[in-house]
There are 2 protein chains.
Amino acid sequence: MITLYLAEDQSMLNSALTQLLDLEDDLHVLGSAGDGATAWQDIQRLKPDVAILDIEMPKLTGLDVADKIHESDLPTKVIILTTFAQKAYFERAVAAKVNGYLLKDSPSDDLIAVIRKVMTGQTIYAPELVTNMVTAESNPLTDRELAVLAEVASGLSSKQIAASLFLSEGTVRNYLSAIFSKLGVHNRIEAVEMAKRNKWLA
Amino acid sequence: MITLYLAEDQSMLNSALTQLLDLEDDLHVLGSAGDGATAWQDIQRLKPDVAILDIEMPKLTGLDVADKIHESDLPTKVIILTTFAQKAYFERAVAAKVNGYLLKDSPSDDLIAVIRKVMTGQTIYAPELVTNMVTAESNPLTDRELAVLAEVASGLSSKQIAASLFLSEGTVRNYLSAIFSKLGVHNRIEAVEMAKRNKWLA
DNA sequence: AAAGTGGTGTGACAAATGTCATGTTTTGCG
DNA sequence: CGCAAAACATGACATTTGTCACACCACTTT
């Protein structure tokens with residue numbers, strides 16, 4: 001009997017999967033949560049064989065929970081279940097040594113299959129991800145540039161950003177200029193749009 | 001026996017719900033699709049009692065499909081199943097006379113309950129929506145302003161927008177100024193962010 | 001018919017933005 | 001170490017952006 005824990009903040013999917021997984025003879029769902037913090041507490045207590053974690057959740061992301069599981073040497077294996085094939089997320093997941101990484105546009109039967117494979121010690125990554133890895137942009141910005149862009153994204157002016165980061169206004173504008181050049185765009189709007197699309201912010 | 005059709009582009013949710021709904025004694029899923037166009041074709045042919053439609057899907061949105069069902073006088077009742085409580089969507093759904101409107105952060109049991117209620121002739125809207133209706137902003141922009149903002153959102157400069165809409169550059173900037181004033185913001189970034197959040201664009 | 005209202009359109013002006021040339025640390029790396 | 005590449009920082013300059021006062025028109029209201 002494989003014991004499971006499910007962390008997924010969309011209730012419709014959470015409850016549907018919980019019920020569906022529990023119907024399998026060899027699977028049993030010990031519990032589920034809609035946020036990362038609750039999930040982490042439950043997982044420490046329940047020690048499931050496999051934790052299925054969404055990434056974007058309140059309080060703690062699935063990747064944060066995966067890190068904690070790994071740090072604490074829990075026996076629990078981790079499957080990340082997320083919406084998009086995002087290079088940034090995938091890289092963090094690989095670094096966290098997750099046992100599986102599956103996209104939500106796979107059918108639920110795939111999830112069941114991955115759970116069983118992970119329990120045999122295999123590591124399973126969705127093929128779309130490997131493909132996407134090649135094409136997807138890697139974040140070319142430095143920490144400082146990213147900090148500036150984050151402020152721009154929340155609507156601050158160069159002057160406000162300068163004050164916030166203790167820089168001269170010219171410096172801020174220069175970072176912006178460097179950002180535009182690196183991203184191949186020509187203004188703040190486009191830069192912010194690209195950064196959001198690639199999840200480079202926050 | 002209530003026959004169902006499910007249109008949902010996230011395979012994980014689609015397949016999980018399909019299986020789960022089919023387990024109920026009085027429900028039967030005739031088919032499902034991951035895009036609106038396929039769904040519309042199938043629904044015409046299969047004439048299910050209830051169609052459960054996601055809004056954001058490829059080809060045709062769930063709201064488009066709902067309109068078509070209504071126009072064609074099909075007997076099929078419509079339940080919209082979507083992620084966020086978005087005033088703009090909800091208004092269109094009400095205009096399309098849908099029989100139910102449910103959020104994906106409701107548990108799957110709620111969906112089953114709503115299906116049965118809708119079949120008795122009731123119309124069911126998620127309570128979060130009615131609450132949200134009061135607080136949510138209604139789009140205060142004129143058509144012209146919206147056209148300008150849409151171009152801004154795709155990163156064009158005032159000069160480019162002026163050329164595209166056959167206006168003087170000053171006029172474009174004046175529209176922007178009016179937009180900022182109406183939205184209570186002070187620059188393009190914030191205006192675009194607000195418009196995107198409220199789905200006022202495209 | 002006059003007055004009011006809201007959408008549309010314009011140019012002048014001040015402020016913010018983006019580019020560039022340049023200098024100063026910090027960080028690999030042979 | 002030495003030194004090259006990258007990151008960090010600044011001010012001068014031209015362009016773009018945002019504000020404002022104003023004008024025109026269509027459409028109500030009085």
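Residue numbers start from 1 in every chain, and the chains themselves are labelled A, B, ... in the order their sequence lines are given, proteins ahead of strands.
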Please give, in whole Å, the distance from [N] [atom2] to [X] [atom1]?
X: B/Arg188; N: C/dA15; atom1: CZ; atom2: P; value: 19 Å
X: B/Glu145; N: C/dG6; atom1: CD; atom2: P; value: 13 Å
X: B/Leu141; N: C/dG7; atom1: CG; atom2: P; value: 10 Å
X: A/Leu149; N: C/dG18; atom1: CG; atom2: C1'; value: 15 Å
X: A/Arg144; N: D/dA9; atom1: CZ; atom2: C1'; value: 9 Å
X: A/Ile189; N: C/dT17; atom1: CD1; atom2: P; value: 11 Å
X: A/Asp143; N: D/dA9; atom1: CG; atom2: C1'; value: 16 Å

Comparing B/Asn187 and B/Leu167 on DNA chain C - which has the more 5′ nearest nucleotide: B/Leu167
Side chains of A/Val172 and A/Leu165 in contact at under 4.5 Å (non-hydrogen atoms):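 No - every pair of side-chain heavy atoms lies 4.5 Å or more apart.
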Contact under 4.0 Å: [X] side-chain N or O vs [N] OP1/OP2:
X: A/Thr142; N: D/dC8; value: yes
X: A/Lys159; N: C/dA16; value: yes
X: A/Ser158; N: C/dT17; value: yes

- prompt: When you look at B/Met12 and A/Leu17, which way does the side chain to side chain contact (heavy atoms under 4.5 Å, CB included) test go after all the steps?
  reply: CA-CA 9 Å; B/Met12 186 67 56; A/Leu17 281 180; 4.1 Å; yes
field: Between B/Glu151 and B/Ser164, a side-chain donor and acceptor under 3.5 Å
entry: yes
query: Short question: side chain of A/Thr76, backbone of A/Lys47 - any donor-acceptor pair under 3.5 Å?
result: no
- request: Tell me which residues in residues 170-184 of chain A put a heavy atom below 4.0 Å from DNA chain C, sorted by number, or none.
  value: A/Arg173, A/Asn174, A/Ser177, A/Phe180
task: Would you confirm whether the ring centroid of A/Tyr125 sits within less than 6.0 angstrom of the ring centroid of A/Phe90?
output: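 Between A/Phe90 and A/Tyr125, the centre distance is under 6.0 Å.
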query: Salt-bridged, B/Arg92 to B/Asp64, with N to O below 4.0 Å?
result: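 A salt bridge links B/Arg92 with B/Asp64.
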- request: Starting from the 5' end of DNA chain D, give me the residue, A/Phe166 or B/His186, whose nearest nucleotide shows up first.
  value: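 It is A/Phe166 whose nearest nucleotide is closer to the 5' end.
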query: After noting the C-alpha distance and the side-chain angles of A/Thr82 and A/Asp54, does the key distance pass the side chain to side chain contact (heavy atoms under 4.5 Å, CB included) rule?
result: CA-CA 5 Å; A/Thr82 189; A/Asp54 188 14; 4.2 Å; yes
